[in-house]
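Here the structure comes first, spelled out in structure tokens, and everything after it is commentary.
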Amino acid sequence: MTITYPRPDRSPSDAFGPATLGLATAQILAWRQGAGAVGGLHLHACWGVSSALARHYHGQTVAGLAHVHEGVRMLANGSDSFRWRHFADALAAQMLWLQSPKGGFIHASGENEPSYDSHWSCPIHQMLPMLALLDHYEDRPDDLVVRNEIEISLARHLDWFSRFWWKRGNDWSGPLASAGWCGVINQDLVTIAALARYGQVVGDWRPFETHGLPALDVYLGPRYFNSSLGLFERGDRADFTERSGYLVLIGQMLTLIHRIKPDSRIPPILTRITETLTDSIFVDEAGFHHMASGINDAASRKQGRRVWLRNNKQVICDYTGLLTYLAKHGDPRSTALKNKIFGLQKTVASYVFSDGTLPNAIDPEAPLFAVAPSANTLSGFWRFLINRNPAGIEWKDIPAVPEVIRRSGPVTYFNNADGWKISEMGSPSLHGIKRLSHGVFRDGEEWPGCKLAPTSLPGIEEDVSLTVAAAVAE
């Protein structure tokens, strides 16, 4: 049987139901490389980066473990809680294990993996595991040993982070003249949220007051927040606003900061962010709803309004984050918003593959991202499905990973429970053994006992269209 995507008749209730949750869970667990160690393909759809594969690495990243930990905690509130809580313990222990003697975390840079030193990283990858460990700390009120270990670890982490990252900037910005760490707003807001959460959970507010609040003052000011456009400047390059997917993250972090430390400046900004994200949703000529990747900065400033980028690649993996955000922050009385949300749900549903995965992006120039789901795409879609199915899933009900061959343009992707294979016309193929962090091989390199190719054609073959329809004129 061959399935062609997108599937316009697929309903969200079917695509996002318990069966898909089970398949997505099986895909996550197929990447376990040790107790609490979960790997995946490190593909950055926004940048078109797949460099970690060239270095033969598809092992864990500490920020990826934080994302999986979030999903596991959500499942622990549903069925089979003991098994999921045990998995959360293993993930927290692994994050602690990945702390460098310096205090930062190793394996903390998706595009630069494998990275064995914390300086090969950025603030967001260093602070997402901190947020996860603080959640775990709260989950274990009676486990004084675990709580003490987390306190010691995070104190050492913050000591290193404040010395290494404060006003450091990045390769594009150089050292910062004002308060901040790398100077990129989505990353530094994650840092501020982690410092506020640290004060709330551990009771030590000094890091937030010393560094977090001065940085927040900068990022809520006119240098970063463009109130007329309802967008934030990225910060490390002039006249470059944050793209839509990152605006969702900014809204999430500002919401968390305001919940912990109420700030009268934040609610009107959150309202503006919600308006902007709602406006980013458009309909193409094929009738599909999409999220614009961002704005044309020069044209938007010239015209005094948002001129959206609607005709380039569609980063499908960002849509589930937007849907979750709008469900929490959108006006429930707005019929127009309800229609946009349902339309975007239909689009995502039309791209849900038969094995419980989702494409990174539909980009005619990069078909790899249409067929091979990244670790972040998989975990993001998985958490979206858990939200849709609050009863969760019991361990005994997790299905086997199905064999699938998926094609888009010249690229073919094969996936099963043991491994994966990527072939591109005219290029040597890559294949990988999921249970090995460095188990990425070229043609002719094999590993005994691992099923890297189907014994016969699998029952399901899939074709993904790379056609991106033009937007309907406003």
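Numbers for residues simply follow the sequence, beginning at 1.
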Nearest 0.5 Å, what's the [atom1]-[atom2] distance between [X] and [Y]?
X	Y	atom1	atom2	result
N387	M74	CG	CE	3.5 Å
D418	E403	CG	CD	9.0 Å
I192	F208	CD1	CZ	7.5 Å
I405	F414	CD1	CZ	6.5 Å
D263	I257	CG	CD1	9.0 Å

List, one per line, each side-chain donor-acceptor pair under 3.5 Å for residues 126-133, sequence neighbours excluded.
unit_1	atom_1	unit_2	atom_2	d
Q126	OE1	F105	N	2.8
Q126	NE2	F105	O	2.9
Q126	NE2	S121	OG	3.1

List in chain and number order the residues that pass salt bridge (Lys or Arg N to Asp or Glu O under 4.0 Å) with [X], two or more places apart in sequence or in another chain; answer none if no residue qualifies.
X	value
R10	D14
K102	D117
R163	D159
R32	none

By ring pair (Phe, Tyr, Trp, His ring centres under 6.0 Å), which residues pair with [X], not counting sequence neighbours?
X	value
F16	F384
F381	none
H438	Y57

State, to 0.1 Å, how close [X] and [Y] come at their nearest heavy-atom pair, and which atoms those are.
X	Y	value
A361	V315	CB-CA, 3.9 Å
F161	T191	CE2-CG2, 3.6 Å
A24	L385	CB-CD1, 3.8 Å
P101	R156	O-CD, 4.1 Å
G183	Y224	O-OH, 2.9 Å

Are the side chains of [X] and [Y] in touch, meaning some heavy atoms are under 4.5 Å apart?
X	Y	answer
N376	N360	no
C182	C122	no
D204	Y198	yes
I28	S379	yes
K346	P12	yes

Quick one: does [X]'s side chain have a donor or acceptor within less than 3.5 Å of a partner on [Y]'s backbone?
X	Y	answer
K421	S429	no
S81	N77	no
H58	L41	no
S280	M291	no
H157	G103	yes
S408	V464	yes
R83	E394	no
N389	G392	no
S153	I150	no
E242	L247	no

**Request:** Would you indicate whether H86, at its atom NE2, is surrounded by more than 12 heavy atoms from other residues, nucleotides or ligands within a distance under 6.0 Å?
**Result:**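 Incorrect, the count does not exceed 12.
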**Asked** Between F87 and W395, what is the ring plane arrangement, given parallel below 30°, perpendicular above 60°, and tilted in between?
**Response**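 Because their plane-to-plane angle is over 60°, the rings of F87 and W395 count as perpendicular.
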Which side-chain N or O atoms in residues 59-68 pair as donor and acceptor under 3.5 Å with protein atoms at least two apart or in another chain?
unit_1	atom_1	unit_2	atom_2	d
Q60	OE1	Q94	NE2	3.1
T61	OG1	G64	N	3.1
H67	ND1	A63	O	3.4

**Request:** Please determine, by modelled atom types, if T357 and Q27 share a side-chain donor-acceptor pair under 3.5 angstrom.
**Result:**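 No, no side-chain donor-acceptor contact under 3.5 Å.
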**Request:** Answer yes if the side chains of E462 and Y413 hold a donor-acceptor pair under 3.5 Å, and no otherwise.
**Result:**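 Their side chains do not contain a donor-acceptor pair, so the 3.5 Å distance test is not met.
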**Request:** For D89, check side chain to side chain contact (heavy atoms under 4.5 Å, CB included) against everything at least two apart and list the hits.
**Result:**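 Applying side chain to side chain contact (heavy atoms under 4.5 Å, CB included) to D89 gives H136, R140.
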**Prompt:** Who passes side chain to side chain contact (heavy atoms under 4.5 Å, CB included) against N148, sequence neighbours left out?
**Reply:**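 N148 satisfies side chain to side chain contact (heavy atoms under 4.5 Å, CB included) with I152 only.
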**Message:** Salt bridge or not between R147 and D142? Use side-chain N to carboxylate O under 4.0 Å.
**Reply:**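 The answer is no: the pair does not qualify as a salt bridge.
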**Prompt:** Who are the side-chain hydrogen bond (donor to acceptor under 3.5 Å, both in side chains) partners of S13, not counting sequence neighbours?
**Reply:**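 Partners of S13 by the side-chain hydrogen bond (donor to acceptor under 3.5 Å, both in side chains) criterion, ordered by chain and then number, come out as S11.
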**Ring centroid separation Y351 to Y5 under 6.0 Å** =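 For Y351 and Y5, the ring centres are not under 6.0 Å apart.
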